[in-house]
Amino acid sequence: MKTKLLVLGACAAAILAAQNQPVLGEETVKVSEHVWAIMGWPNIGIVVGSRAVLVVDTGLGPRNGATIARVVSKLAPGNRTLYLTTTHFHPEHAAGEAGFPAGTILIRNAVQEKEMELHGKEIVDLFAGRSAEFKELLANATLRAADVTFEKDAKLDLGGVTARLVSFGGAHTKGDELTFVEPDRTLISGDVVQNKVVPNIFRDGGTPSSWLAVLDQIIALNAMHVLPDHSAPGDGSMVALEKKFIADLRNSALELKKKGVTADAAGTQLGNECKTKYPDWPSMNVAGFVRSIYAE
Ligand SMILES: [Zn+2]
Ligand SMILES: [Zn+2]
């Protein structure tokens, strides 16, 4: 029997195109033995066990949530418990919850739950103002409280596979959540580990150094597969590369700061340098991250 594991080179172009699609399709790719993904904006992780299924992220609005629920019922027929968690509180990751069936158990870390309470509705309104399509997709979005919250770590035994949900500190947002699937050693990494994407701190989410501290904890997990939310899946080397990128950028920016170079000038200069150092990254707009380095 042929294993249909994701072959990166062959799918890279299709994945890049899917990455901007806010209306999710029903097609899945297999990331590892128990993990499937719907590729889109954002990628959705589906972890299938013999007794229960975990979905990571909801898509933008209830229509996408309902699409994911249909995909789950095909991937995992029968009456399995359905868990839902979200990588962070932003609408394309969390505002599709209303599309999931009644009885879905919503679980997320306490810091993220707090961000959702404080800013969830505000960001849904902000996103709805971005385009007519977003407005329509978010029209019936509701943000209900989680059924279960946890502080640092929660383990879900799905039957033959375990999902460990962790909150390691602030990076893209304060309540970034990661899911580590065992025995697959698959990390569902949200915005915290991406594939050739410049990191982005949302408002006062994390700091460059807290992001590095989060990455040190992720490195200890020793992931073999990584499924990020806004870029193509890859192998465990993505974690070390993310750390190297941030650490190098931080060192270079701090040197320029010491010399009295302004944050904006440093952003432009380092963006140009990074284009040479990382020629295959689609965009090298580091200005925002450099400002965060200067501000810390
Ligand atoms: Zn986000
Ligand atoms: Zn996102």
Next on the checklist: For a side chain to side chain contact (heavy atoms under 4.5 Å, CB included) check, start with the C-alpha distance between R164 and D153, then their side-chain angles and the critical distance, and finish with the verdict.
Outcome noted: CA-CA 7 Å; R164 187 176 160 208; D153 204 307; 2.8 Å; yes
Heavy-atom closest pair, residues [X] and [Y]:
X	Y	answer
S189	V226	OG-CG1, 3.5 Å
R63	V23	NH2-CG1, 3.3 Å
A266	V261	N-CG1, 3.8 Å
A253	Y294	O-CE1, 3.6 Å
I105	V148	CG2-CG2, 4.1 Å
S32	H225	CB-CD2, 3.7 Å

Checklist entry - If you count the non-hydrogen atoms of other residues, nucleotides and ligands that lie under 6.0 Å from NZ in K257, is the total more than 12? => result yes
Next on the checklist: Please determine whether the number of non-hydrogen atoms from other residues, nucleotides or ligands lying under 6.0 Å from atom CD of E151 exceeds 12.
Outcome noted: no
Checklist entry - Please walk me through it: do R70 and E26 pass salt bridge (Lys or Arg N to Asp or Glu O under 4.0 Å)? => result CA-CA 8 Å; R70 272 199 307 281; E26 295 192 21; 2.8 Å; yes
Next on the checklist: Applying side-chain hydrogen bond (donor to acceptor under 3.5 Å, both in side chains) as the test, list every pair that has at least one member in residues 131-143; sequence neighbours left out.
Outcome noted: none
Item to check | E117: salt bridge (Lys or Arg N to Asp or Glu O under 4.0 Å) partners, not counting sequence neighbours | outcome: K114
Is [Y] close to [X] at the side-chain level, that is, under 4.5 Å between some pair of heavy atoms?
X	Y	answer
M39	P233	yes
R250	L212	yes
I201	P208	yes
D176	V214	no
W211	P199	yes
H34	P183	yes

Hphob cluster co-occupancy, [X] + [Y], side-chain heavy atoms under 4.5 angstrom:
X	Y	result
V193	V198	yes
I188	L54	yes
L165	V181	yes
L156	V56	yes
V161	L221	no

Next on the checklist: Determine whether T268 and D264 satisfy the following criterion, side chain to side chain contact (heavy atoms under 4.5 Å, CB included), listing intermediate values before the conclusion.
Outcome noted: CA-CA 6 Å; T268 308; D264 286 349; 5.6 Å; no
Approximate separation, where rounding is to 0.5 Å, of [X] [atom1] and [Y] [atom2]:
X	Y	atom1	atom2	result
D57	T87	CG	OG1	3.5 Å
S167	Q217	OG	CD	9.0 Å
L241	K196	CG	NZ	8.5 Å
K155	T162	NZ	OG1	6.5 Å
S231	M238	OG	CE	5.0 Å
L227	D184	CG	CG	12.0 Å

Checklist entry - When you look at N285 and S283, which way does the side chain to side chain donor-acceptor pair (under 3.5 Å) test go after all the steps? => result CA-CA 6 Å; N285 186 356; S283 161; 5.7 Å; no
Next on the checklist: One pair to check against side chain to side chain contact (heavy atoms under 4.5 Å, CB included): Q112 and T173. What are the steps and the verdict?
Outcome noted: CA-CA 8 Å; Q112 186 185 140; T173 63; 6.0 Å; no
Checklist outcome for this item: Quick note, ring-ring contact (aromatic ring centres under 6.0 Å, His included) partners involving residues 110-158, not counting sequence neighbours, are W41-F134
Checklist entry - Can you list every pair that meets ring-ring contact (aromatic ring centres under 6.0 Å, His included) and has a residue in residues 64-94, with sequence neighbours left out? => result H88-H90, H88-H93, H88-H172, H90-H172, H90-F202, H93-H230
Hey, is the main chain of [Y] close enough, under 3.5 Å, to the side chain of [X] for a donor-acceptor pair?
X	Y	result
R185	N222	yes
N109	V166	no
N64	P22	yes
T58	G96	yes
D191	D229	no

Item to check | Side-chain ion pair, E92 and R130, N-O less than 4.0 Å | outcome: no
Next on the checklist: Test question: given the 4.5 Å side-chain rule for I, L, V, M, F, W and Y, name all other residues clustered with I68, or answer none.
Outcome noted: L24, W36, I38, I44, I46, V48, V53, V55, V71, V72, L75, L82, L84, F100, L106
Checklist entry - Could you go step by step and tell me if L270 and M284 meet the side chain to side chain contact (heavy atoms under 4.5 Å, CB included) rule? => result CA-CA 9 Å; L270 294 173; M284 214 24 109; over 6 Å; no
Checklist outcome for this item: Which of E177, E97, E113 passes salt bridge (Lys or Arg N to Asp or Glu O under 4.0 Å) with R108? Answer is E113
Side-chain polar contacts of residues 242-249 - donor-acceptor pairs under 3.5 angstrom, sequence neighbours left out - could you list them?
residue	atom	partner	partner atom	Å
E242	OE1	Q194	N	2.9
K243	NZ	D216	OD1	2.9
K244	NZ	D248	OD2	2.8

